[in-house]
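Computed from heavy atoms alone, side chains included, the values below leave out hydrogens, waters and symmetry copies. First listed ligand is number 1; within each ligand, the first listed atom is number 1. By convention here, the first residue in the shown sequence is residue 1. As the structure is a prediction and not an experimental result, all values here were calculated from the model.
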Amino acid sequence: MKNVACALTIAGTDPSGGAGIHADLKTFQELKTYGMSVITSIVSQNTTGVQAVSHVSLEMIEQQLDSIISDMPIHAFKTGMIANQDMMKLIYNKIKHLDAPYVMDPVMVATSGDTLIERDSRNYLRKNLLPLTTIVTPNIPETEYLIGEKVETDEDMKQAAEMLVKNFGAKAALVKGGHREGDAVDFLYDGSRIHSFSAPRINTNNTHGTGCTYAAAITANLSQGLPLNIAVKQAKHYVTLAIKYSLDLGAGSGPTNHWAPRIHTNNLTTTEVE
Ligand SMILES: Nc1ncnc2c1ncn2[C@@H]1O[C@H](COP(=O)(O)OP(=O)(O)OP(=O)(O)O)[C@@H](O)[C@H]1O
Ligand SMILES: Cc1ncc(CO)c(N)n1
C-alpha cells in the first residue's frame with residue numbers, strides 16, 4: 001500500500017509561476033500529491049509571452065530522469081513541453097519502462113501564441129509518445145494537428161477524441177474546448193464511451209497555464225488511484241475554480257489561482273453531461 005501518492009512532471013519552466021513545471025508542482029501540492037520534476041527547457045516567460053528559451057542538455061535530462069527513476073516511486077507522470085525530437089527520443093526510451101499512468105499534454109504553443117516545440121518534432125510525438133499515453137489532453141489547435149483535420153463543432157471534438165484512441169493509439173483522449181466560444185466543454189473518449197465535461201465560460205483573460213494545471217490535476221488524481229473519468233471530472237472542477245478566481249497579475253494573460261479550489265470547495269460549477 002502506498003502511504004503517499006507520488007507524481008512526476010517532465011516539462012519546461014515558467015519563472016512567472018503560472019505555467020509549465022511551476023503550475024504542475026503547485027497543482028500536485030494542492031491535491032495532496034508528492035510532486036517531482038524533470039526540467040527539459042528553461043523558458044524565460046511571463047504573462048505577456050516568451051522572451052527566451054534555453055534547452056537543458058540531453059545528458060542532464062537523462063541524468064534527472066535516472067535520479068528519480070532509480071530512487072523514487074512514480075504513481076503517475078505527465079509530459080508537457082518537450083522542445084525537440086532528440087529530447088523526445090530520450091524521454092520515450094526512459095518512460096516506456098515505467099509502469100504508471102502517463103498523461104500527455106501535447107504542448108505546442110503557449111497561451112501567448114509563442115511556439116514551444118520544433119515543428120518537425122511533432123510527428124515523432126504523435127508516432128512514438130502518443131501510443132504510450134493513458135490519456136492525451138490536446139486543445140483544439142493541437143487536436144487539429146494530431147489528427148490532420150479541422151475541429152469546429154462538438155461532433156468534430158467527439159470524433160477527434162475517438163480517432164486519437166482508435167487511429168493513433170492513445171488509451172484515452174480529452175479534447176478541450178477552451179479555444180471555442182460558449183460554455184467550456186471538453187470531451188473524453190475513454191476507449192469505450194464519450195463523456196463530456198462542461199463549465200460556464202468565465203469572462204477573463206487570465207488563462208495562462210490552464211492546460212498545464214488541468215493535465216497536472218488529472219495526473220495527481222490518477223496517482224491517487226482514481227478511475228480515469230473521475231480523475232478528469234475532479235480535475236475539471238479544479239481548473240474551473242482556478243480560472244474563476246484567477247489572479248490579475250502582470251500586464252498580459254494572468255495565472256490561474258491554485259488555492260481557490262481549496263477555499264471555494266462548495267462552489268463547483270462543472271457538470272458531466274453524458
Ligand atoms: N474562459 C474559460 N472559462 C472556463 N473554462 C475555461 C476557459 N478557458 C479555458 N477553459 C477550460 O480550461 C481547461 C484548459 O483548456 P484550454 O483549451 O484553455 O487548454 P490549453 O489551450 O491547453 O491551455 P494553455 O493556455 O495553458 O495552453 C479546459 O477545461 C477548458 O475548457
Ligand atoms: C513551459 C511551458 N509549458 C507549457 C506552456 C503552455 O501554457 C507554457 N506557457 N510554458
Side-chain angles (χ1 to χ4, degrees), residues 9-25 27 37-56 78-83 103-117 136-146 151 154 157 174-188 195-218 232-246 250 252-256 260-261 269-273:
T9 168
I10 303 170
T13 67
D14 173 5
S16 71
I21 291 271
H22 299 68
D24 295 343
L25 290 176
T27 306
S37 62
V38 165
I39 295 175
T40 54
S41 297
I42 300 171
V43 185
S44 278
Q45 60 174 316
N46 56 29
T47 64
T48 68
V50 173
Q51 290 79 44
V53 179
S54 171
H55 299 317
V56 174
K78 73 161 277 223
T79 57
M81 175 188 180
I82 312 176
V103 179
M104 179 203 278
D105 184 11
V107 170
M108 294 182 190
V109 173
T111 314
S112 54
D114 296 284
T115 300
L116 294 172
I117 78 167
V136 60
T137 64
N139 62 25
I140 300 266
E142 290 157 355
T143 306
E144 289 178 338
Y145 169 73
L146 289 172
V151 175
D154 283 2
M157 288 174 72
L174 177 69
V175 175
K176 301 174 296 189
H179 293 240
R180 288 182 64 198
E181 287 176 357
D183 285 349
V185 186
D186 311 326
F187 294 97
L188 168 69
H195 307 253
S196 89
F197 303 96
S198 177
R201 180 160 298 272
I202 298 149
N203 185 16
T204 177
N205 185 32
N206 299 330
T207 55
H208 178 62
T210 51
C212 306
T213 298
Y214 195 15
I218 295 169
V232 174
K233 184 177 178 164
Q234 293 190 4
K236 176 74 171 172
H237 287 317
Y238 182 91
V239 75
T240 302
L241 288 173
I243 297 169
K244 186 164 182 180
Y245 297 95
S246 59
S253 181
T256 59
T269 51
T270 55
T271 45
E272 185 173 354
V273 179

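Taken to the nearest 0.5 Å, the OG1 atom of T79 stands 7.5 Å off from the CG atom of D105. Separation of atoms SG (C212) and NE2 (H22) is listed at 11.5 Å; rounding is to 0.5 Å. Separation of atoms OG1 (T13) and CD1 (I21) is listed at 8.0 Å; rounding is to 0.5 Å. With rounding to the nearest 0.5 angstrom, the CG atom of D24 is 9.0 Å from the OG atom of S37. With values rounded to the nearest 0.5 angstrom, I243 atom CD1 is found 8.5 Å from R201 atom CZ. One distance of note links NE2 of H195 with CG of D186; it measures 13.0 Å at 0.5 Å rounding.
In terms of polar-atom proximity, defined here as any N/O pair under 3.5 Å, N139 does make such a contact with ligand 1. Backbone and side-chain nitrogen or oxygen atoms of V185 are examined, and none is located within less than 3.5 angstrom of a nitrogen or oxygen of ligand 1. Remark: ligand 1 and G177 share no N or O pair separated by less than 3.5 Å (distance only, no angle test). No N or O atom of H208 sits closer than 3.5 Å to an N or O atom of ligand 1. The N/O atoms of T204, backbone and side chain alike, include none that comes under 3.5 Å of an N/O atom in ligand 1.
Considering only heavy atoms from C-beta on, N46 stays 4.5 Å or farther from H208 through its side chain. Residues N206 and T47 have side chains not in contact (no heavy-atom distance under 4.5 Å, counting atoms from C-beta outward). For the pair R180/D154, a side-chain contact is recorded, criterion being any heavy-atom separation below 4.5 Å from C-beta on. The shortest distance between side-chain heavy atoms of M81 and V53 falls below 4.5 Å. Contact of the T40 side chain with the I10 side chain is registered, since non-hydrogen atoms from C-beta on lie closer than 4.5 Å. Side-chain atoms of Y238 and T27, non-hydrogen and from C-beta on, do get closer than 4.5 Å to each other. The closest side-chain heavy-atom distance from M108 to P141 is not below 4.5 Å. The side-chain heavy atoms of I218 and L174, taken from C-beta on, include a pair separated by under 4.5 Å.
Counting heavy atoms under 4.0 Å from ligand 1, residue I140 does not touch it at all. With a 4.0 Å cut-off on non-hydrogen atoms, D186 touches ligand 1 through its side chain and not its backbone. When non-hydrogen atoms are compared, ligand 1 lies under 4.0 Å from neither the backbone nor the side chain of P138.
Between K78 and A215, the shortest heavy-atom contact is CE-CB, 4.0 Å.
Short contacts between ligand 1 and P200, defined as distances under 4.0 Å to a heavy atom of the residue, involve ligand atoms 4 (C). Per-residue contacts place L116 under 4.0 angstrom from the following atoms of ligand 2 (heavy atoms of the residue considered): 4 (C), 5 (C), 8 (C), 10 (N). Set against the non-hydrogen atoms of T207, the atoms of ligand 1 under 4.0 Å away are 25 (O). Residue-ligand proximity, Y214 to ligand 1, at heavy-atom distances under 4.0 Å covers atoms 13 (C), 28 (C), 29 (O). Heavy-atom proximity to G12, at under 4.0 Å, picks out these atoms of ligand 2: 1 (C).
In this structure, of A11, S253, C212, G80, the residue bringing a heavy atom nearest to atom 4 (C) of ligand 2 is C212. With atom 30 (C) of ligand 1 as the reference point, the heavy atom nearest to it among S246, P141, G178 is part of G178.
The shortest heavy-atom distance from G209 to ligand 1 is under 4.0 Å. Ligand 2 lies nowhere less than 4.0 angstrom from a heavy atom belonging to D14.
Nearest protein neighbour of atom 1 (N) of ligand 1, counting heavy atoms only, is I202 O, 2.9 Å. Of the protein's non-hydrogen atoms, Q45 OE1, 3.0 Å is the one closest to atom 9 (N) of ligand 2. For atom 18 (O) of ligand 1, the closest heavy atom belonging to the protein is T210 OG1, 3.3 Å. Protein heavy atom nearest atom 21 (O) of ligand 1, with residue, atom name and distance: H179 NE2, 2.6 Å. Nearest to atom 12 (O) of ligand 1 among the protein's heavy atoms is I243 CD1, 3.5 Å. Remark: minimum distance from atom 8 (N) of ligand 1 to any protein heavy atom is reached at R201 NH1, 4.0 Å. Nearest to atom 19 (O) of ligand 1 among the protein's heavy atoms is K176 NZ, 3.4 Å. For atom 3 (N) of ligand 2, the closest heavy atom belonging to the protein is G20 CA, 3.8 Å. At the top of the distance list for atom 26 (O) of ligand 1, counting protein heavy atoms only, stands G211 N, 2.9 Å. The closest protein non-hydrogen atom to atom 25 (O) of ligand 1 is T111 OG1, 2.7 Å.
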